[in-house]
Q: 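The structure's right below; bear with me while I get my questions together.
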Amino acid sequence: MRIVAIAAVADNGVIGSGDGMPWHISEDFRRFKAVTTGNTLIMGRRTHETIGRVLPGRRVIVVTRNEDWSDDDVEVAHSVEEAIALAEQTPEQVCYIGGGGEIYRAAWPYLTELDITHVHQSPEGEVVFPLISRSQWTEVSREPRSGFDFVSYLPTPS
């Protein structure tokens, strides 16, 4: 199964300010929807609550440590490993990891690809994406836009 981290990441690594993203890029939102629709999307509870609704057309698995938490139309897991095991029940789908910072870090050892929107800004924010090391990840495609680039990475061969 493909397990892909999908994120919009600023030049300084920031992905959020605690209550949302520090930018609004319509083309990135449209691409996120197009890429993740029909697949599985794993996200943390805070990310899910920040979005404020269930994203249609996707199997959504929310990771939370709160044993009592639930929300309509999403599945709940209590670890990234449990969420990935649930996702593996539909191996024909791609499993996208959609944040936030803790979820990306926990999923890092399981990732097969990175799908990153590199945002050419350096905003304030306390939520950051893990460092994309050139020794670990190789850029395989880049689509430059005005103010951001869509970039795909695969693991660097050992």
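The shown structure was predicted, so the numbers you read here are calculated from the model rather than taken from an experiment.
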Q: Val54, Leu86: one ILVMFWY side-chain cluster at the under-4.5 Å cut-off?
A: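 In one cluster: no.
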Q: When you group the ILVMFWY residues by side-chain heavy-atom contacts below 4.5 Å and let the links chain together, are Val94 and Val74 in the same group?
A: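 In one cluster with Val74: Val94, yes.
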Q: Evaluate side chain to side chain contact (heavy atoms under 4.5 Å, CB included) for Ile132 paired with Tyr153, printing each intermediate quantity in order.
A: CA-CA 9 Å; Ile132 301 171; Tyr153 296 87; 3.9 Å; yes
Q: Got a second to check how far Thr37's OG1 is from Arg59's CZ, nearest 0.5 Å?
A: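 One gets 15.5 Å once the value is rounded to the nearest 0.5 Å.
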Q: Does the side chain of Glu27 come within less than 4.5 Å of Phe32's, by heavy atoms?
A: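 The answer is no; the side chains never approach within 4.5 Å.
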Q: If the condition is side chain to side chain donor-acceptor pair (under 3.5 Å), which residues does Trp69 pass it with, not counting sequence neighbours?
A: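 Trp69 satisfies side chain to side chain donor-acceptor pair (under 3.5 Å) with Glu49 once adjacent residues are dropped.
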Q: Quick one, Pro22 and Val119 - any side-chain contact, counting heavy atoms below 4.5 Å?
A: no
Q: Are the side chains of Met43 and Tyr96 in touch, meaning some heavy atoms are under 4.5 Å apart?
A: no
Q: Between Phe148 and Glu143, is any pair of side-chain heavy atoms under 4.5 Å apart?
A: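 Phe148 does not reach Glu143 side chain to side chain.
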Q: Give me the atom names and distance for the closest heavy-atom approach of Ile97 to Tyr104.
A: O-CE2, 3.3 Å
Q: Could you tell me whether Arg45 and Glu102 have a side-chain N and a carboxylate O separated by less than 4.0 Å?
A: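 Salt bridge absent between Arg45 and Glu102.
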Q: Could you state whether Val140 and Val151 fall into the same hydrophobic cluster, counting links through intermediate Ile, Leu, Val, Met, Phe, Trp or Tyr residues with side-chain heavy atoms under 4.5 angstrom apart?
A: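 Hydrophobic grouping puts Val140 apart from Val151.
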Q: Does some side-chain heavy atom of Glu92 sit less than 4.5 Å from a side-chain heavy atom of Thr90?
A: yes
Q: Quick check: is Phe29 connected to Val14 through a chain of hydrophobic side chains (ILVMFWY, heavy atoms under 4.5 Å apart)?
A: no
Q: Just wondering, do Arg65 and His78 contact through their side chains at under 4.5 Å, heavy atoms?
A: no
Q: For Met1 and Cys95, work out which heavy atoms get closest and say how close.
A: SD-CB, 3.8 Å
Q: To the nearest 0.5 Å, what is the distance between CZ on Arg31 and OG1 on Thr36?
A: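 Result: 10.0 Å between the selected atoms.
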Q: Do Ile61 and Leu41 pass the side chain to side chain contact (heavy atoms under 4.5 Å, CB included) test, and can you show the C-alpha distance, the side-chain angles, and the key distance before you say yes or no?
A: CA-CA 6 Å; Ile61 303 171; Leu41 180 61; over 6 Å; no
Q: Going by the rule side chain to side chain donor-acceptor pair (under 3.5 Å), which residues pair with Ser152 if we only count those two or more places apart in sequence or in a different chain?
A: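 Result, side chain to side chain donor-acceptor pair (under 3.5 Å) vs Ser152: Ser141.
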Q: Does some side-chain heavy atom of Ile84 sit less than 4.5 Å from a side-chain heavy atom of Ile3?
A: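 Yes, at least one pair of side-chain atoms sits under 4.5 Å.
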Q: Please name the pair of heavy atoms, one in Val76 and one in Glu82, separated by the smallest distance, quoted to 0.1 Å.
A: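 Taking every non-hydrogen atom into account, O-OE2, 4.0 Å.
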Q: Given side chain to side chain donor-acceptor pair (under 3.5 Å), test Glu113 with Trp137 step by step and report yes or no.
A: CA-CA 9 Å; Glu113 301 167 46; Trp137 296 100; over 6 Å; no
Q: Output the distance between atom OG1 (Thr40) and atom CZ (Arg58), rounded to the nearest 0.5 Å.
A: 11.5 Å
Q: Measuring from Arg142:CZ to Ile116:CD1, what's the distance to the nearest 0.5 Å?
A: 11.0 Å
Q: Give me the atom names and distance for the closest heavy-atom approach of Ala106 to Val80.
A: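 Closest heavy-atom pair between Ala106 and Val80: CB-CG2, 3.5 Å.
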Q: Identify the two heavy atoms, one from Ser17 and one from Glu124, that lie closest to each other, and give their separation to 0.1 Å.
A: CB-O, 4.4 Å
Q: Is it true that His118 and Phe150 have ring centroids separated by less than 6.0 Å?
A: no
Q: For a quick test of reading the model, state the closest non-hydrogen atom pair linking Ser122 to Asp11 and the distance between them.
A: OG-CB, 3.8 Å
Q: Taking Thr117's backbone N and O only, do any of them form a donor-acceptor pair with Asp28's side chain (distance below 3.5 Å, no angle check)?
A: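 Flag not set: sc Asp28 to bb Thr117 has no pair under 3.5 Å.
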Q: Show, in sequence, the C-alpha distance, side-chain angles and deciding distance for His120 and Asp149, and conclude whether the side chain to side chain contact (heavy atoms under 4.5 Å, CB included) test is met.
A: CA-CA 8 Å; His120 304 307; Asp149 299 337; 3.3 Å; yes
Q: Test of understanding: clusters of I, L, V, M, F, W, Y form through side-chain heavy atoms closer than 4.5 Å, transitively. Do Val60 and Val35 belong to the same one?
A: yes
Q: Could you walk me through whether Val63 and Ile42 pass side chain to side chain contact (heavy atoms under 4.5 Å, CB included), step by step?
A: CA-CA 7 Å; Val63 179; Ile42 294 173; 3.8 Å; yes
Q: Would you find a donor on one side and an acceptor on the other, under 3.5 Å apart, between the side chain of Arg105 and the backbone of Ile103?
A: no
Q: Is a side-chain N or O of Asp115 found less than 3.5 angstrom from the main chain of Ile6, in a donor-acceptor match?
A: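 No.
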Q: Let me know which of Val62, Thr64, Leu55 forms a side-chain contact (heavy atoms from CB on, under 4.5 Å) with His48.
A: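 The single option meeting the side-chain contact (heavy atoms from CB on, under 4.5 Å) with His48 is Val62.
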